[in-house]
Amino acid sequence: QLHLVESGGGLAQAGGSLRLSCAASGRTFGSYAMGWFRQAPGRVREFVAAMRWSGSNTYYADSVKGRFTISRDNAKNTVYLQMNSLKPEDTAVYYCAAGRNPTGWGSDYDYWGQGTQVTVSS
């Protein structure tokens, strides 16, 4: 079992930045691919970013490419999502997830955090 806890959400102004963290405990964190997803009110959950366990490959949704950066520190069992140039449409609950491969499909991930709210005001 892998337990994931997100933090770092909050309120930001458009154009601002936030950094989300996802701390893992339990099984070997370093063997998992990690992903970030988000869900806005009334909308389906969508893929944001993902990376392999080694950190050698990163993947992003087109909507965040160039603005968001996923990274990980396996020594700290933590994955991060640096969000810059935030837009009101980035407002959502953000979830981190762990799985075998860094895909954009939520069904490919085995473990999920409880989510952290990000609100971007215009």
Side-chain angles (χ1 to χ4, degrees):
Q1 189 78 7
L2 190 68
H3 186 56
L4 305 174
V5 178
E6 302 96 335
S7 61
L11 178 65
Q13 290 189 334
S17 300
L18 285 173
R19 188 175 83 154
L20 305 183
S21 299
C22 174
S25 61
R27 303 185 69 176
T28 307
F29 170 76
S31 64
Y32 287 92
M34 298 299 297
W36 286 96
F37 292 76
R38 66 186 182 186
Q39 187 167 18
R43 302 192 66 175
V44 298
R45 182 178 60 194
E46 65 174 357
F47 168 73
V48 176
M51 71 188 308
R52 295 190 178 280
W53 67 270
S54 64
S56 59
N57 298 87
T58 56
Y59 309 90
Y60 297 94
D62 288 342
S63 59
V64 306
K65 199 171 295 183
R67 299 189 298 122
F68 290 12
T69 303
I70 186 172
S71 62
R72 67 191 294 163
D73 185 338
N74 287 342
K76 295 182 178 180
N77 286 358
T78 302
V79 63
Y80 304 98
L81 185 68
Q82 178 67 44
M83 305 186 295
N84 298 329
S85 302
L86 284 163
K87 304 176 181 179
E89 50 264 44
D90 294 320
T91 295
V93 177
Y94 284 71
Y95 299 89
C96 69
R100 292 180 180 273
N101 294 295
T103 75
W105 299 98
S107 57
D108 287 338
Y109 292 82
D110 302 312
Y111 303 102
W112 292 81
Q114 84 290 346
T116 186
Q117 175 71 46
V118 171
T119 303
V120 184
S121 62
S122 57

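Since the model is a prediction, treat every value here as computed from it, not as a measurement.
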Mutual orientation of the aromatic rings belonging to Tyr94 and Phe68 [parallel < 30°, tilted 30-60°, perpendicular > 60°]: tilted
Please report the interatomic distance [atom1]([X]) to [atom2]([Y]), rounded to the nearest 0.5 Å.
| X | Y | atom1 | atom2 | answer |
| --- | --- | --- | --- | --- |
| Leu81 | Met51 | CG | CE | 11.0 Å |
| Arg19 | Ser71 | CZ | OG | 7.0 Å |
| Asp110 | Leu4 | CG | CG | 10.5 Å |
| Ser31 | Arg52 | OG | CZ | 13.5 Å |
| Ser122 | Lys87 | OG | NZ | 14.0 Å |

Taking C-beta and beyond as the side chain, do [X] and [Y] meet within less than 4.5 Å on heavy atoms?
| X | Y | value |
| --- | --- | --- |
| Trp36 | Val79 | yes |
| Tyr80 | Met34 | no |
| Met83 | Val120 | no |

Donor-acceptor pair, side chain of Arg67 and main chain of Ser85, under 3.5 angstrom: yes
Glu6 side-chain N/O to Gly115 backbone N/O, donor-acceptor pair under 3.5 Å: yes
Same apolar cluster: Leu86 and Val64, side chain cutoff 4.5 Å: yes
ILVMFWY network linking Tyr32 to Phe47, side-chain heavy atoms under 4.5 angstrom: no
Residue Trp53 excluded, over 12 heavy atoms near CH2 under 6.0 Å: no
Over 12 non-hydrogen atoms of neighbours within 6.0 angstrom of CD in Gln114: yes
The single option from Val48, Thr58, Leu20 passing side-chain contact (heavy atoms from CB on, under 4.5 Å) against Ile70: Thr58
Option passing side chain to side chain donor-acceptor pair (under 3.5 Å) with Arg38 (candidates Asp90, Thr91, Thr116): Asp90
Pair Tyr109 + Phe37: ring centers closer than 6.0 Å: yes
